[in-house]
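Notes for the one structure printed next.
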2 protein chains.
Amino acid sequence: MATAAAEPLDDGELAAFFALMEVSSNLQHAVEQQLRTDGDVSCVQFLILARLRDSPEGESRMTDLADLVVYSRSALTYQAAQMEKAGFITRSPSVNDERSTTVKITDTGRERVEKVLPGHIDVLRRLLLNPLGPQGVTTMNKTLECVRDAMRQTPPRSAAPRASNKQK
Amino acid sequence: MATAAAEPLDDGELAAFFALMEVSSNLQHAVEQQLRTDGDVSCVQFLILARLRDSPEGESRMTDLADLVVYSRSALTYQAAQMEKAGFITRSPSVNDERSTTVKITDTGRERVEKVLPGHIDVLRRLLLNPLGPQGVTTMNKTLECVRDAMRQTPPRSAAPRASNKQK
DNA sequence: TATTGTTATACTCTATAACTATA
DNA sequence: TATAGTTATAGAGTATAACAATA
């Protein structure tokens, strides 16, 4: 299954990979810490809240949220439980489909997002956007676009999301 | 401390941030899974092993490894213990400085790296380098270079690495 | 006193599988 | 039968603080 003898990566390829991982990893850490410090939310929770906040009714189904946040359903249930306990969201059975759960952001949840957002933007500017500059931002978008598209076409992890293939 | 009213991000800035996070997150996941499947090592462990393998004597001090892997010292100790148990490394007191621990990669460790490497390269090519293309690789390096440099100058997290400030 | 590393502990988060309920 | 979500469980990994030993 593996290539007979994989061509080693050249210096540029290695550098690109390492740079990407170093930058994203640092950024991730910084964002995580800012969110925790300023508003006691994790990155995942912030993503969910921000997404809910921008939804038409401040609502979303669990499944739709799970599509956004890559993780497993049980992981999302865990996060939802945490956020419900914190008063950021409510969960209630969906009206159309009794199987579904509708997640709705509360005023407390909205406030928390507002509270945390300035610092979040600040971190992004300081660590990523300012160093990039306007031109760098444009370049970055163009360069990463095809990578992202390629990733989206390939099933990210063929194991996970297929539910019908129970052929053992 | 926070900006009075943080300028919201424009679409391009948001897109750049999201693209970076999506690409790096997917890549991270894919790499993690490949390493686990092919050789039952985590990404962190692979990084450590790869670094040791490329060291002059296949050796390194714990502290030097900790500088490489961002995490805390205790986290590194944990990983080292796992890898020692798996037979990938040995730990012994350093000759120069009795406080230090010298970590050395074993033949088993080297074999494991070799075993995992082709698949690793394969993933990087498929998900990142091929979509980028030679030109994209170059562009990426140039674009991320200044970001990385800026990050390295700013203390990543001012809280962590200072040991002397016990003022409290 | 500062540095190096380990240990004990507690905590967060994740995935798997089994389960319930609805379509 | 398939889908939506929850729960129980188990595991990996991390950070904090206290610790021992060396410089």
Side-chain angles (χ1 to χ4, degrees), chain A residues 25 28-29 32-33 35-37 40-48 59-67 69-86 89-103 156-157 159-166 168, chain B residues 25 28-29 32-33 35-37 40-48 60-67 69-86 89-103 156-157 159-168:
Chain A
S25 164
Q28 176 87 37
H29 270 110
E32 197 90 41
Q33 191 204 323
L35 293 174
R36 184 60 69 187
T37 303
D40 201 38
V41 289
S42 71
C43 202
V44 183
Q45 292 171 356
F46 176 71
L47 262 182
I48 295 174
E59 290 178 353
S60 180
R61 297 186 330 152
M62 288 291 281
T63 298
D64 297 335
L65 287 178
D67 287 348
V69 186
V70 188
Y71 307 112
S72 61
R73 283 177 303 164
S74 69
L76 182 59
T77 298
Y78 169 79
Q79 293 296 346
Q82 298 304 110
M83 295 200 292
E84 192 174 43
K85 205 182 304 174
I89 61 163
T90 58
R91 280 185 290 181
S92 52
S94 184
V95 283
N96 314 326
D97 187 337
E98 289 275 331
R99 294 173 301 182
S100 299
T101 296
T102 297
V103 179
R157 294 178 295 295
R162 289 299 109 232
S164 12
N165 293 347
K166 272 284 181 65
K168 215 284 193 45
Chain B
S25 163
Q28 176 87 37
H29 271 111
E32 197 91 40
Q33 191 204 322
L35 292 174
R36 184 60 68 185
T37 304
D40 200 38
V41 289
S42 70
C43 203
V44 182
Q45 291 169 358
F46 175 72
L47 261 182
I48 294 173
S60 179
R61 298 187 328 153
M62 288 291 281
T63 298
D64 297 336
L65 287 178
D67 287 347
V69 186
V70 187
Y71 308 111
S72 61
R73 282 178 301 164
S74 69
L76 181 60
T77 298
Y78 170 78
Q79 292 297 345
Q82 299 304 110
M83 296 200 292
E84 190 174 44
K85 205 184 301 173
I89 61 163
T90 57
R91 280 186 290 181
S92 51
S94 184
V95 284
N96 313 327
D97 187 337
E98 288 275 329
R99 293 174 302 181
S100 300
T101 297
T102 297
V103 179
R157 292 178 298 294
R162 290 296 111 234
S164 12
N165 292 348
K166 272 280 181 68
Q167 44 190 211
K168 196 263 192 56

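Please read all numbers here as calculations on a predicted model, not as lab measurements. Lettering of chains follows the sequences in order, A, B, ..., and the numbering in each one begins at 1.
Along DNA chain C, the nucleotide nearest to A/Q45 and the one nearest to B/A80 differ in position, and the one closer to the 5' end is contacted by B/A80.
The nearest whole Å value for the distance from the OH atom in A/Y78 to the C1' atom in D/dT7 is 14 Å. When the P atom of D/dT3 is taken as reference, atom CG of A/D64 falls 15 Å away, rounded to whole Å. Note: CD (A/E32) to C1' (C/dT12) measures 10 Å, nearest angstrom. B/H29 places its NE2 atom 9 Å from the P atom of C/dT14, with the value rounded to the nearest Å. In this structure, A/D40 places its CG atom 13 Å from C1' of C/dC11, rounding to the nearest Å. Per the geometry, CD belonging to B/Q79 stands 15 Å off P belonging to C/dT7, to the nearest Å. The interatomic distance linking A/Q33 (CD) with C/dT12 (P) rounds to 17 Å, in whole Å. Computed from coordinates, the B/Q82 CD to C/dT6 C1' distance equals 14 Å when rounded to whole Å.
Between the A/E32 side chain and the A/C43 main chain, a donor and an acceptor come within less than 3.5 Å of each other.
The distance from the CZ atom of A/R61 to the CZ atom of A/R99 is 8.5 Å, given to the nearest 0.5 Å. From B/L76, atom CG reaches atom CG of B/D64 across 10.5 Å, with rounding to the nearest 0.5 Å. Atoms CD1 and CD, on A/I89 and A/Q82 in that order, are 10.0 Å from each other to the nearest 0.5 Å.
Looking at the side chain of A/V44, the nearest of the listed nucleotides C/dT4, D/dT14, C/dT14 is C/dT14. The side chain of B/M62 approaches C/dT6 more closely than any other nucleotide in the set C/dT6, D/dT6, D/dG13. When distances run from any side-chain atom of A/S100 to the nucleotides D/dG13, D/dA4, C/dT14, the shortest one goes to D/dA4. The listed nucleotides are C/dC13, C/dT16, C/dT6; the one nearest the side chain of B/T101 is C/dT6. Among the nucleotides D/dA15, D/dG13, C/dT6, the one closest to any side-chain atom of B/A75 is D/dA15.
Partners of A/T90 by side-chain contact (heavy atoms from CB on, under 4.5 Å), not counting sequence neighbours, listed by chain and number: A/K104, A/T106. Not counting sequence neighbours, B/R73 has no partner by the side chain to side chain donor-acceptor pair (under 3.5 Å) test. Taking the side-chain contact (heavy atoms from CB on, under 4.5 Å) definition, one finds that B/A81 meets it with B/R91, sequence neighbours left out. Shown here are the side chain to side chain donor-acceptor pair (under 3.5 Å) partners of B/T77, two or more places apart in sequence or in another chain: there are none.
In plain terms, the two heavy atoms of B/L65 and B/S60 that are nearest each other are CG-OG, 3.7 Å. Contact detail for B/I48 and B/Q79: the closest heavy-atom pair is CD1-CB, 4.4 Å.
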What nitrogen or oxygen pairs link the protein and nucleotides 20-23 of chain C at under 3.5 Å?
residue: C/dA23; atom: OP1; partner: A/E98; partner atom: N; Å: 3.1
residue: C/dA23; atom: O4'; partner: A/R99; partner atom: NE; Å: 3.4

Listed pairs, N/O of protein and of nucleotides 17-19 of chain C, under 3.5 Å:
none

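Across all strands, A/S42 comes closer than 4.0 Å only to sugar-phosphate atoms, never to a base (heavy-atom distances).
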